Novice: 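Would you mind keeping the following structure in view while I ask a few things?
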2 protein chains.
Amino acid sequence: MTLDEILPDLRRQSVDARHTETGLWAASMLRERISAGQLAPGAKLSEEPLCEVLGVSRNTLREAFATLAREHVVTRIPNRGVFVTRPTADDIREIYRVRRFLESAALTWSTSPTTDALHAAIARARAARDVGSVPGMASANQDFHAGVVALTGSDRLNAQMTQVLAEMRLVFHSMVANPLFHAPYIDDNAVILDRFEAGDRPAAAALMVDYLRRAEEQLLEAHSRA
Amino acid sequence: MTLDEILPDLRRQSVDARHTETGLWAASMLRERISAGQLAPGAKLSEEPLCEVLGVSRNTLREAFATLAREHVVTRIPNRGVFVTRPTADDIREIYRVRRFLESAALTWSTSPTTDALHAAIARARAARDVGSVPGMASANQDFHAGVVALTGSDRLNAQMTQVLAEMRLVFHSMVANPLFHAPYIDDNAVILDRFEAGDRPAAAALMVDYLRRAEEQLLEAHSRA
DNA sequence: CCTACCGAATTGTTCAACAATCCTACAAGC
DNA sequence: GCTTGTAGGATTGTTGAACAATTCGGTAGG
C-alpha cells in the first residue's frame, strides 16, 4: 500500500484536530498507520503531501519524524527523505537479543506477582485462534510478552519493550505473513506462565529463552526467503 | 594504496564533517554542557539566548530540545519552557530498577567473554582514587558498568544504559557530591568481575544487585537531605 | 490581605524563502 | 557499450519573521 492510497483516510481523521503538542500528535497518527501496516516498510514519507493532509507545517512534521526515527519506526536518510524502516536480518537478531534479555530477566527478578493481565492475554489469544483471527492472535501474543516485562514495574523497560514490539510489527509486515505463525506459541506462553506461578523462575526464564530462539529462527528463515 | 584501503578513512572524515544535521549537533553541544555540570539541574534553557549563542534558529534549537527531552536529560513544561531535569526520588528508584535488571541480566546471559574493557576501567578507577580525583573515579566507574552491559552485544541495551548513566550524572549534580561516594565501590566492581571470570555468574549477578541496592540507598538518603 | 485584571515576556506554531543536496536524463568521450 | 560529466528539476535542511496562546508579575480595587 502506497502513500497515495491512504492520504484520503488520513485527511478524514485530521480535519478538526486542535491539540497542544502538535508534533507528538502527528507522530502518533503516523505510528498508527505504520503499525497497522497501511504504510508498508520501505514507503517514502514525503514532507509536502503529509503536511497538507495532516494540516501541520513542515517544521512540526519534522518534529514528528524525529520522534519516530528515535523509535526506529522510520529511517531518515540525509537529503533523501524519511522512509518506513525495512528491518534487516541483523535488526531481527538485535530485536530478539533485546527480548531475550528483557523477558527472561523480568521472569527471573520481577517483584510484582500480579499475573492477571498475562492470563487474560492467553485467553484472548486462544479465543482468536478458535476464530481463526491472525491479527487477534498476534495482538494477544504481544500483549502477553509486554505483560511479562510489565512485571518489572519499570516505565523505562516497558517503553523499550513497547518499542521493540512495534519493530516486531514492522518485521511481520515486511515479509509474507504465515497465518500459522502465532498458533503454536500460544500454549508455550501458557506453560511459561504456569512455571512462573509455580515459583520455578529459572525454568520459566529458560523456556522463554527457548521460545524466543525458535521464533527468531523461524523469522530469519522467512526473511531470507523474502 | 588502493581504493578499498582509503574508503574507511574517507567515511570517517565525512562523518566528522557532518555538520549537516544541525539539530543533532546542537543537542550534543547542550548534552555535553549538562553532563559536565556546567548547566545544573533545574536551570532554565531559554530559547532566544541559546539560539544566539549556538548560532542556530529557534526551529533548529527546538529539534535539539525534542531530542534531549526524549533522553530525559531535559524536561519540557508546556508554555513554560525547557529545564535541565532535576531527578526526583522516584527517578532514582527507577534508574536503579533499570540498572539492576540490565546489569544482572548482562552478567547472567552475556555471550561475549571479552572483559578487557572492564579490567581497564577498574585500573582507571584505582588510579583516580590514588590521585584523589573524584571525577576520574566517577567516570571510570561508569565505564565499568557500561562495559558490563556492553557484554550483551546489543546496541539497544547499550543505548538504554548510556541514557540511564547520563541521568545518573544529573543525580550526582543535583545533590552535594560526597567526595568519598565512589571509592568503596571500586573494589566491589573488582570482586564482581572476579566472580564473573571464574564462571560463577549467579554469584556475580547477586553481588551486582547487592551493590546497586546499597548505592541506591545511599543516594536516596543523600537526596532526602537535599 | 486577598482578588481580579492588565501588560510584558516567553513559548507554540505556521509560513515563506533560500541554500544544499540528490535524482534523472542526456550528451560526450574512451 | 560503458563510464564520465553536466544541466535541470525536485526534495530536503535551515533560517527568519510573524502571529496566537499562555504564563508571570505587578497593580488597582475591594
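Side-chain atoms are counted along with the backbone in the values below, which use heavy atoms only and exclude waters and symmetry mates. Values in this document were obtained by computation on a predicted structure and should not be read as measured data.
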Novice: Give me the atom names and distance for the closest heavy-atom approach of A:H72 to A:L170.
Specialist: O-CD1, 4.1 Å
Novice: Give me the ring orientation class for B:H145 and B:Y211: parallel if the planes are under 30° apart, tilted from 30 to 60°, perpendicular past 60°.
Specialist: tilted
Novice: For A:N79 and D:dA10, what is the distance between atoms CG and C1' respectively, to the nearest whole Å?
Specialist: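 That distance rounds to 13 Å.
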Novice: Taking only residues two or more places apart in sequence or in another chain, which ones pass ring-ring contact (aromatic ring centres under 6.0 Å, His included) with A:Y96?
Specialist: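 Not a single residue meets the ring-ring contact (aromatic ring centres under 6.0 Å, His included) criterion with A:Y96.
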Novice: So if I take residues 56-75 of chain A and measure heavy-atom distances to DNA chain C, which residues fall below 4.0 Å?
Specialist: A:V56, A:S57, A:R58, A:N59, A:T60
Novice: I want to confirm an ordering. Mapping A:G81 and B:R80 to their closest nucleotides on DNA chain D, which one lands closer to the 5' end?
Specialist: A:G81
Novice: Can you list everything that forms a side-chain hydrogen bond (donor to acceptor under 3.5 Å, both in side chains) with B:H223? Sequence neighbours excluded, please.
Specialist: none
Novice: Strictly below 4.0 Å, N to O, side chains only: are B:R97 and B:E94 in salt-bridge contact?
Specialist: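 Answer for the salt bridge query: yes.
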Novice: Using side-chain hydrogen bond (donor to acceptor under 3.5 Å, both in side chains) as the criterion, list what pairs up with B:E32, not counting sequence neighbours.
Specialist: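 If we apply the side-chain hydrogen bond (donor to acceptor under 3.5 Å, both in side chains) test to B:E32, skipping adjacent residues, there are no hits.
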Novice: For B:E221, enumerate each residue passing the salt bridge (Lys or Arg N to Asp or Glu O under 4.0 Å) test, keeping only those at least two apart in sequence or located in another chain.
Specialist: B:R225
Novice: Distance check needed: D:dT23 C1' versus B:I77 CD1, whole Å only.
Specialist: 12 Å
Novice: Between C:dT11 atom C1' and B:F83 atom CZ, what is the distance in whole Å?
Specialist: 11 Å
Novice: Salt bridge (Lys or Arg N to Asp or Glu O under 4.0 Å) between B:R99 and B:E216: does it pass, once the steps are laid out?
Specialist: CA-CA 10 Å; B:R99 289 190 61 176; B:E216 175 187 8; over 6 Å; no
Novice: For residues 40-55 of chain B, which residues have at least one heavy atom under 4.0 Å from DNA chain D?
Specialist: B:G55
